[in-house]
Amino acid sequence: RRFAERMNLVAMEPRGDLSSTGYVLANPGKEYLVLQPSEAADSFTVTLEPGAYRVEWFSVNSRDTTDGATVTVPSAGSTNFTPPIADAGPAIVYLTQEE
């Protein structure tokens, strides 16, 4: 619910093909919400459109939110992410295009 209230949910669509996790809601080039369901802090990839994205992490287990560094994608393709959360467990990354 925390993300649904902030994102343009109407424009989002399930796009499991955009991440190695298979769990993505996306409005490509604008917003991406990706679940990394593993109990380990495993790395994963997300296929992004070119641009700069704000990164926000959410730990499913601890319910903690952590801001990440801005990610700049020079050309469309896969970008690697590793959850920065100390306690292993499922994590969500929310990527929003910077204006």
(message) Using the rule that Ile, Leu, Val, Met, Phe, Trp and Tyr join whenever any side-chain heavy atoms are under 4.5 Å apart, tell me whether V73 and Y32 fall into a single cluster.
(response) yes
d(D17 CG, T47 OG1) to nearest 0.5 Å is 7.5 Å
| Main-chain N/O of N8 paired with E31 side-chain donor or acceptor, under 3.5 Å | yes
Y23 and Q36: side chain donor to acceptor below 3.5 Å
no
In V55, V34, L33, the residue satisfying side chain to side chain contact (heavy atoms under 4.5 Å, CB included) with Y94 is L33
Task: Residue pair E56, R6: steps toward the salt bridge (Lys or Arg N to Asp or Glu O under 4.0 Å) verdict - done: CA-CA 12 Å; E56 182 180 332; R6 296 179 17 216; 2.6 Å; yes
Please check if any side-chain donor atom of T70 sits under 3.5 Å from a side-chain acceptor atom of E98, or the reverse.
yes
field: Same apolar cluster (I L V M F W Y, side chains within < 4.5 Å links), F3/M12
entry: yes
I'd like to know if the side chain of S19 reaches the main chain of T45, judged simply by a donor and an acceptor atom lying under 3.5 Å from each other, with no hydrogens or angles considered.
yes
Under 4.5 Å between side-chain heavy atoms, hopping through other hydrophobics if needed: is there a path connecting L18 to L25?
-> no
What one should report as the nearest heavy-atom pair of R15 and P28 is NH1-CG, 3.8 Å
d(S43 OG, N80 CG) to nearest 0.5 Å is 5.0 Å
Between Y53 and the options T96, V46, L48, the side chain to side chain contact (heavy atoms under 4.5 Å, CB included) test singles out L48
Honestly curious: do W57 and V71 fall in one hydrophobic cluster under the side-chain, below-4.5 Å linking rule?
yes
Determine yes or no for a side-chain-to-main-chain donor-acceptor pair under 3.5 angstrom, with T21 supplying the side chain and L35 the backbone.
-> yes
For A76 and P50 the tightest heavy-atom approach is N-CG, 3.6 Å
Shortest non-hydrogen pair, T72 vs P74, comes out as O-CD, 3.6 Å
Exercise. Kindly work out whether a path of hydrophobic side-chain contacts (I/L/V/M/F/W/Y, heavy atoms less than 4.5 Å apart) joins F58 to F44.
Key: no
